[in-house]
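Data first, discussion second: the structure below is written as structure tokens.
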Amino acid sequence: MCGRTACTLAPDEVSRACSYRNRGGQRRQPRWRDGDADKYHPSYNKSPQSMSPVLLSQRHFDKNAPVDECVLASMRWGLVPAWFKENDPSKMQYSTNNCRSENILEKKTYKDPLIKGQRCVILADGFYEWRRKEKDKQPFFIYFPQAQGTSHEKTEDHPTSPACNKVNSETVCPPEEASHDLTEGGEAPGEWTGWKLLTMAGLFDSWTPPGGGEPLYTYSVITVNASPSLESIHDRMPAILDGEEEVRRWLDFGDVKSLDALKLLQSKNTLTFHPVSQLVNNSRNNSPECLQPVDLKSKKEPKPTASSKMMMSWLTSSTPSKRKEPNTCGSKEESESKKVQCKSTGALQHWLQGANKKPRDK
């Protein structure tokens with residue numbers, strides 16, 4: 001089950017955050033499809049039908065593109081199959097926000113895109129999930145453990161802090177600084193060392209209205225059984241692709257055939273989480289408070305924890321990096337959020353909004 005996500009990075013930051021090495025060993029930064037960067041709006045509370053950043057092979061759009069070239073696109077959450085005959089995709093009678101890995105080959109909606117190699121990676125800061133307790137539902141924010149420190153130099157074999165490897169609600173680690181911009185020729189100078197985006201396996205399709213018009217690209221998040229660390233929250237979780245190699249294999253629909261790609265869809269015990277406010281229950285609420293850790297015992301302003309102390313220490317001691325503030329209210333995809341008053345309190349929100357940070361000299 002995956003029904004709500006957050007993706008707060010600006011379009012250029014998303015591009016830098018999912019840089020990759022090509023077959024020649026060069027680090028590349030995927031570019032956005034023409035116009036797609038404008039279709040994506042950062043949000044603390046993304047719901048189905050909104051536009052999200054998706055990574056996929058450039059060969060889906062250009063058959064002559066290098067086999068290992070990736071591209072970023074904005075796609076709508078909720079797969080609309082190419083064979084759908086109605087003029088309005090909202091008339092679909094069933095939900096396609098998620099597809100169960102066990103049923104992909106049994107349902108035409110997902111089998112067709114899989115056979116065509118239409119595999120993609122949905123990018124997000126993390127996702128929300130609700131744990132049912134009697135009549136109440138407690139939301140949690142779930143994400144990759146973040147590397148500790150603020151060093152510009154980060155290599156693939158740089159170990160993550162032991163404190164960040166523990167999977168519990170006390171492992172929020174401070175995001176690191178962003179890498180420099182793309183150099184001429186399209187090569188990125190080094191790995192991104194900011195917030196590590198969650199990489200979720202998905203399928204996409206392209207639907208064109210029967211009467212003609214611009215194709216609509218949509219996707220579905222593939223789910224698997226929850227890992228031991230998350231099963232106390234929910235029995236399902238998104239299929240996580242952990243590391244560049246798994247992402248590369250999932251996107252390489254030429255060399256990695258469908259049945260082999262499906263073997264990548266495993267329950268992974270690699271995520272961490274913390275409880276958040278029930279503010280996130282309403283998808284119209286789109287502010288940094290959606291992500292702020294809460295104290296479940298007091299239900300009030302959370303007491304300082306190891307993670308929040310670490311975040312505050314990073315905020316007060318690290319060299320600031322240039323960030324763009326996400327649009328927390330009034331995005332096109334969530335026009336209702338214009339009615340919601342945006343607030344900002346707490347260290348986590350200040351980082352997410354880029355507060356008190358100065359641009360880095362180029």
Side-chain angles (χ1 to χ4, degrees), residues 1-9 42-46 123-133 136-149 160-176 194-200 226-238 240 242 267-283 285-315 326 328 343-353 355:
M1 180 67 181
C2 179
R4 209 73 64 77
T5 65
C7 194
T8 63
L9 297 185
S43 173
Y44 299 97
N45 195 358
K46 280 188 173 292
L123 304 168
D125 294 4
F127 69 98
Y128 298 98
E129 191 54 85
W130 283 258
R131 180 171 65 193
R132 291 184 179 275
K133 188 175 182 180
D136 197 17
K137 292 193 301 182
Q138 172 59 49
F140 289 81
F141 185 60
I142 306 170
Y143 50 96
F144 272 139
Q146 302 298 305
Q148 185 176 16
T160 301
S161 165
C164 296
N165 280 331
K166 293 177 64 179
V167 183
N168 57 36
S169 62
E170 292 296 324
T171 56
V172 184
C173 295
E176 299 180 351
W195 187 267
K196 182 181 179 182
L197 288 176
L198 197 61
T199 42
M200 301 177 284
S227 64
S229 61
L230 298 179
E231 59 186 8
S232 64
I233 300 176
H234 199 278
D235 61 348
R236 304 290 293 182
M237 66 178 289
I240 303 300
D242 192 3
S267 300
K268 294 185 174 66
N269 207 39
T270 57
L271 303 183
T272 187
F273 58 87
H274 62 252
V276 294
S277 167
Q278 293 188 1
L279 185 73
V280 75
N281 293 0
N282 189 331
S283 62
N285 292 332
N286 181 17
S287 73
E289 290 166 311
C290 292
L291 294 176
Q292 183 179 13
V294 297
D295 186 339
L296 295 182
K297 295 180 180 179
S298 68
K299 294 291 184 179
K300 298 178 181 178
E301 187 70 20
K303 297 178 181 179
T305 62
S307 58
S308 62
K309 289 178 181 178
M310 190 180 297
M311 182 73 74
M312 182 60 71
S313 174
W314 176 80
L315 287 167
T328 61
K343 303 177 182 179
S344 176
T345 58
L348 182 61
Q349 296 93 311
H350 279 291
W351 175 77
L352 289 169
Q353 291 186 306

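For clarity, every value in this text was computed on a predicted model and none was experimentally measured.
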If you compare all heavy atoms of [X] against all heavy atoms of [Y], which two are closest, and at what distance to 0.1 Å?
| X | Y | value |
| --- | --- | --- |
| Leu198 | Gly126 | CD2-CA, 4.0 Å |
| Pro139 | Lys137 | CD-O, 3.6 Å |
| His234 | Arg236 | ND1-N, 3.0 Å |
| Ala124 | Thr5 | CB-CB, 4.2 Å |
| Arg4 | Asn281 | NH2-O, 3.4 Å |
| Ser232 | Ser229 | OG-O, 4.4 Å |

Point-to-point distance, once rounded to the nearest 0.5 Å, from [atom1] of [X] to [atom2] of [Y]:
| X | Y | atom1 | atom2 | value |
| --- | --- | --- | --- | --- |
| His274 | Leu291 | NE2 | CG | 6.5 Å |
| Met237 | Lys268 | CE | NZ | 8.0 Å |
| Arg131 | Asp136 | CZ | CG | 10.0 Å |
| Thr199 | Ile240 | OG1 | CD1 | 6.5 Å |
| Asp242 | Leu271 | CG | CG | 8.0 Å |
| Tyr128 | Phe273 | OH | CZ | 15.5 Å |

If we only count heavy atoms from C-beta on, is the [X] to [Y] side-chain gap below 4.5 Å?
| X | Y | answer |
| --- | --- | --- |
| Val276 | Gln292 | no |
| Gln278 | Val294 | no |
| Ser287 | Leu279 | yes |
| Leu197 | Asp125 | yes |
| Pro275 | Gln138 | yes |

| message | Using 30° and 60° as the class boundaries, would you call the ring planes of Trp195 and Tyr143 parallel, tilted or perpendicular? | response |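 Ring orientation, 0 to 90° scale: tilted.
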
| query | Is the backbone of Tyr44 close enough, under 3.5 Å, to the side chain of Asn286 for a donor and an acceptor to pair up by distance? | reply | yes

